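Treat the numbers as computed from the prediction; the structure is a model and nothing was measured. In what follows, chains are A, B, ... by sequence order, proteins preceding strands, each numbered from 1.
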Amino acid sequence: MLALGAFALLAVAAFAAPAHLVEPEPSRSFAGPLDAWPFGADRAGRPLLEYAQQGARVVLGPALVAGCVVAASSVAGGLLRCVGDPRVDAAVQGVGEVLGALPRMVVILVTALLIPSTSRGLLPLAVAWAVLASPGAMDEAAAVAERLGGARFVEALRAHGFSWTRIFLFHVVALNLRPVVVRQAAEVVTQVTFLELGLSYLAVQDAQASFTHPDSLKSWADLLYMGYPSIVLDDIPTEHALWTGLAMVALVTAIAKFATSAARAR
Amino acid sequence: MIPLLLAYNVGCSGDEAALGSVDETPTPATSVPAELVATSWQVRMAKTEVRAPFEGRPSWVSYFGNRRDEALRAFKSENDSAALARAHTEYAAMYRQAALLAANATLQVYGADRQPTDPAEADYLLGVSGVLASSAEHAAKLGASRESRAGDIAPRDAAWSAYVAAPGAEAADKAAGVDRVAGALADLPGADRLTLELPLQGEPGTVAAGDPGELWALSRWHEARAREADPSAGETIDQALDPYRLPFETPPERGAAPATDTWLFMSPWSSAADVQYVANVAAGRDTTGAMATASLFAAVAQTCTREGNRLDVDCVVDEAAHVGSAIEDGMAAANGGQPDGFHRPFADYARAGVLRALDLVARARGDADASGRLRINALDRSLGAAADPLFYLFVAAWDAGNRNTPRAAEIVHQNLSMLPGLHLARAPLDALHVRLSRNAVPGVPMH
Amino acid sequence: MNRPTPGSTPPSADRRGVLLALGIASAALLAGAPLSFYEEQLPGTLSPLYASSMADHRAQELVFDRLFFHSAIDNRMMSRLVEKGELADGGKSYRVTLKPGLKWHSGTAVTSKDVCFTVSAMLDPGTTSPIAEGYRGVLAGCDATTPQVATIRFTKVFHNPQERLMFSLLPAEKFAGKTAIVPDDDFSQHPIGSGPFKGNKGRRGVTFEAYANAHHAPTIPQMSLQEVQDPLVQVKTLQSNGVQGIIAVPPPYRPDVSASDDLQLKSYDLRSWWFIGVNTKKGALVERKVRQALDLVLDRSDLRQFTVGVKPGEQNSPCEFISGPFVQSSPFYNRQVPVKEKSDRAAATKLLNEAGLTQIGGRWHYKGTPVTLNIGMMASLDVEAPDLLTQVGNQLSAAGFDRQESKVSADDWARKVVTGKASEFDLLIGKWSFGLVEEVNDLFQTRSGTTTGARNVFNYSNSGADQLMVEYNQSRTDTAAYDAYHKLHRALAEDLPYLFLWKLDTKSAWRTEVRGNVIAPFNYWTEVDGWKFQ
Amino acid sequence: MTAWWIRPGVRLIAAIILPLVVPAIITLLIWALPGDPAEIICPPETCGGTAELAARWNLDAGAWNFFRAWMGDAAAGEFGRSWRVEQGLPVRDLLDESIPTTLMLVLAALVPLVLGAVGSATGLIPPRADGGFHTVGLVPAVVFALLGAAYVELEYGAQSFLPGANRLRLVLGALVLGLADGAFAAAVSGVRGLFAAERDQRYVGIALLRGERPLANMLPNVAPALAGQLRARVLHLLSGTVVVEVVLRINGLGDLLWAGTLLQDFGVVLAAATAFALVSAVLLVIQALVEIAVAMWVRRAPTVRDGAAASPVVAA
């Protein structure tokens, strides 16, 4: 329930995100959370709530897609192991080894630069990240399937008269692969969020166009970049921006954690 | 909180948060004796009773914001004849620098870089510029435009030729047409003066030209108004003008003239002795040794003089910073140990003043390099309230002579509204800038 | 002696520890430490032929001597290398006699062979450098008659030959006589010059070691150039004496610097003006009335206040509005063309209707489709005017235009925007900086090959404007040139290939322990010999 | 039961082809980027030598030709000079400086991870602590790196790139890599889950009954999975070095890759990417060797004799 609740919160935020920030209001420059509910305001007096919403909009869609890609490949890995054909296993493992060994950030960086600057977004990078993370997920799912007994488990259920679809979808996936698939997907959702923060900040630091979102949207990295000086330097009134950014990241991680434990509970 | 002080906070930076934070660190050792620092108007005026005559008056608030045109009118409405005389004198000095700027630019564009298509009347302009800048070679060109049919060049040429024949202050005024300047006390004539459209030779079109003589006329008009406003301050007016006289002027012989607080308040010179010292040096009389005990600037000059009577620029820059801090601390002490918001902007006047005075000393001693370096350091110190438009025009005239038009053009542009008639100086400066820019290596715009 | 290590503003109690530690660390650093300063970016190369940014030009000024240069004090034409220079064979060449005893940083003597090597290198087609390309129209060759005397030949008679010889001198010995100099030569990293400092480029900064020479006696033993992106950290490190200078302080941080007794703002003469380029070949922007309407929609006063931080009516502000492609103090600026400081929505709406646009649901439509403006901005401008892209977008959206915003990296700007290949954009916010020469033909003349319009952002083409620019080029008198550019200013203010914004001064910040720091326009370090720092 | 040698065999083959596949893929991807470095340095609109520069840098004959030439030179240890990142500096010097730095950074970051893994395997770290690690893992590496960078800059100011400050940057980088982005939390919970699952196996129960220590029994069986997890962690750290090195300004492989990619300095990008690929290949080989060693050990282990002798304990 907690996972759904947190996810709903994030989805509403993303859905309600404005296409552009509101007009500046100098009188509320760097207003605290009490003055500019709920998170305070930035230098130009615009509410940080809009930063959080736009950040959610940037991250949510692509992170979920990446999670689904990894979940699908994880299920595929488990089912293929249940098929029990050594040639298939070897092939899957071979492709997995090469993909898994590719320096992930290398591929992400070059992919990021390939996309023309006016149509950049997080989705292609998230999918690329998911594809690179798939071999690990397939390995783990295959290990679980192996422990089940692999092909012998399927033959036993066939002997009981169950149909192929019921065996694979219900018994193998729903009952046994579910925890590992959900955990893998949740982990990738978190990793994609951290990837977006990293790339957004690097773009700000090196005076580049953003890689992960159109420049009219703000990312949670903008909140963190606005807030971090308040820790190291004195009389910088931006602590509320740092805590807002960390709260958003915490929300995503909480969703992942709750989803993982929910999948393992039953 | 005294209204005037409030005004300072708002006036000087327009942003409360940006006002200088008060420095608690102890006073550094400065070579300038404390008693000299105590004679400065800043320290004396730290006491409320000394500052009272100047408090809460819109005139001095405008002056603090360097809106000299508003200050001039405000002094008149407040019937402060002494301050009115000072304001007119400063306008006279500004117009003199504007005339020198126009003359220097004209000498460069129609003298050094003359081109065959330039108007014939350029000779007249060179002539007048040569007179004002004491360049006999160019002054000799007067008379060549006697038959010119362009505008009223011919009568002007005749008038200035008459001056050359029989030089004298009145002759120069007559040539420049001071009598044609209309206006009363606290007026600012000059906006109606038109640039001369002189036809090119052998090519279509005309070129706008500014007659430096007209700016000289405006300067002399303001000088006359100053004397009219306060007849008793004749010598003080002369003394205040000495650092800014044109090369062809011979400063009148006189003893040390008084300089009341009206003349010192918010001025770069910290005491009457300083004013006298600067006037002496500008007139070529290096009285550093004699006045080292009376004038703060002379004391600094003595401290920083090295063998060969040359000034050590770094020593002067250091001393300027120390004098500023010493004055701030003296003001705090005079205010019962309590530093106040306006102490720093007031001390900035002295920080710039030391550099400006020592620039004149270096120039009087023939050390052009030291003078140039001190002048640029003074320019960098003349910020906020200490951004004296008179000094900026002084630098612009020097830049025009050095063919450094970008900075001069910026200074002229900033002061157009405050100095009606300054557009006459902009004409030759623009001509020089266009000529230099078209002959330079084609620059590539950088993004 | 100067003030003890400063702690300018009394810190709050819980962070006093940090500042105290900094104070002690800085005091230790002061004794004999190098003079350190933050640049806008790290120089890409130390080879003068391949300078592409202002940071490159500034760093090279420390390492190399230019044959001739303008003094930063009184603008006189000077040379530290040439003892005597005279015109030769009727003004088509210039003979220079070098001063004796000049040495390269490698210790070998500077001779006329080096002068002629530098000229030959620039003329060699193998030297693939835009800077060398510029000199190929001016220089014809060079002959080293004696070790101290070289005669440089021009392509034609020039009125002021010294102005054409302001290039940096290169050492022939380092290239073993090979005149084709390529960008990735080792020279770019480990140059040998004859300037006041030996330069050594690292990945995180550049160190300069003083090199006493016959014509240089720098008093600062060592200088170190650092690159940090976050301006806030730069100003705080400067205040705590971690470094001694910042080359360019963005406007929002200047009050902090001018409020401190230990720092000094110094002017650095760079004539820069900002603009919004309009794609006159795309969609509704083809209509002149639409461009004029956009010009009226912009509220420049608000833009300036929310980004650069200058309040309306502030005196001597570093940011002054312009209505044409020149700074207001320039003689080429047409003062009859007024500046549009505030927006005028009513007039804009009228113009848009006249241009055939219709408003449906509050959004403007052109030929039935909603108008979406794709706005780009040079990414590095976000430091000087934070949020400008968003503010422009906000104002256009409030006026009824959909919009999309994106930043453009320096490489994309150089490769696509300046070369006219950024047609996917509708509007582009940028900035141009000029030295003494303010010629703008390169920006607005119809582009053809590399001869004209080489920096025409959206390949703007207007026969009337072209005619005026040709008139400027061919004018035989300054007046004709002057009038041509005045008419061009008015024509551009009406046709609006650019929505002109403002000019913005550049300011440097230095600690007061640094003295005699005279800053030269454009090249910055020309008078570095006179700089002092304990 | 598939043959035991298939899995390590596939890993060894992958390790061999990786250093060839990665540069090839990168070359194709980079070639697809619009424009090329020769145009940036010497734009045709303002400079006459674009074609000549492109020829000099082998950019004028297609991607395959460039790749072949580059691989040939690389095999001989000649990586050419940097075109734009450090214009004129041999790429070899950049690699010599960057590879050791990145390896030191990753190894230093591994220390907390290995300690965490051992702690969770041996039960020294109680499951209750996982929540705390997850909370710390919450903070993205970017934030810790930002704080570290600002602190070093303020602390050292002008000296912030001398050896002393660089050591501090490395330590901070290792801590950030090790703790942030959930790296430490994942290592601890991953190993704990692995051993928990293994502990449920029957043979462990039997070992307990025989009075043997469970860890000694489980270790050979979980060794391949442990090696797999360790390799995943290292790859995760390697990927994280790009962000951490750029923000903390550490002269490592990640920073070199980032700068090269941004400035389209093909020589630098290929060299950095190949170095990354080599490190990945080495990890693959290590994992394969561990699997082979375990498989050989299992095959040589004594067979369990018939029931009577097997369980003296039961008899007692």
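Annotation: side chain of Pro386(C) is in contact with side chain of Arg43(A) (closest heavy-atom distance under 4.5 Å). The closest side-chain heavy-atom distance from Thr390(C) to Arg46(A) is below 4.5 Å.
If you measure heavy-atom distances from Asn394(C) to chain A, the contacts under 4.5 Å come from both the backbone and the side chain. Heavy atoms of Thr307(C) lying under 4.5 Å from chain A belong exclusively to its backbone.
Nearest heavy-atom pair, Ser406(C) versus Asp215(A), reported as atom, atom and distance to 0.1 Å: CA-OD2, 2.9 Å. Taking each heavy atom of Lys218(A) and Asp387(C) in turn, the nearest pair found is NZ-OD1, 3.9 Å.
Taking OG from Ser216(A) and NZ from Lys407(C), the interatomic distance works out to 11.0 Å, rounded to the nearest 0.5 Å. Taking CG of Leu232(C) as the start and OH of Tyr228(A) as the end, the distance is 7.5 Å to the nearest 0.5 Å.
Annotation: salt bridge (charged side-chain N to carboxylate O under 4.0 Å, His left out) contacts involving residues 189-201 of chain A, sequence neighbours excluded, are absent.
For Asp302(C), the salt bridge (charged side-chain N to carboxylate O under 4.0 Å, His left out) partners at least two apart in sequence or on another chain are Lys342(C).
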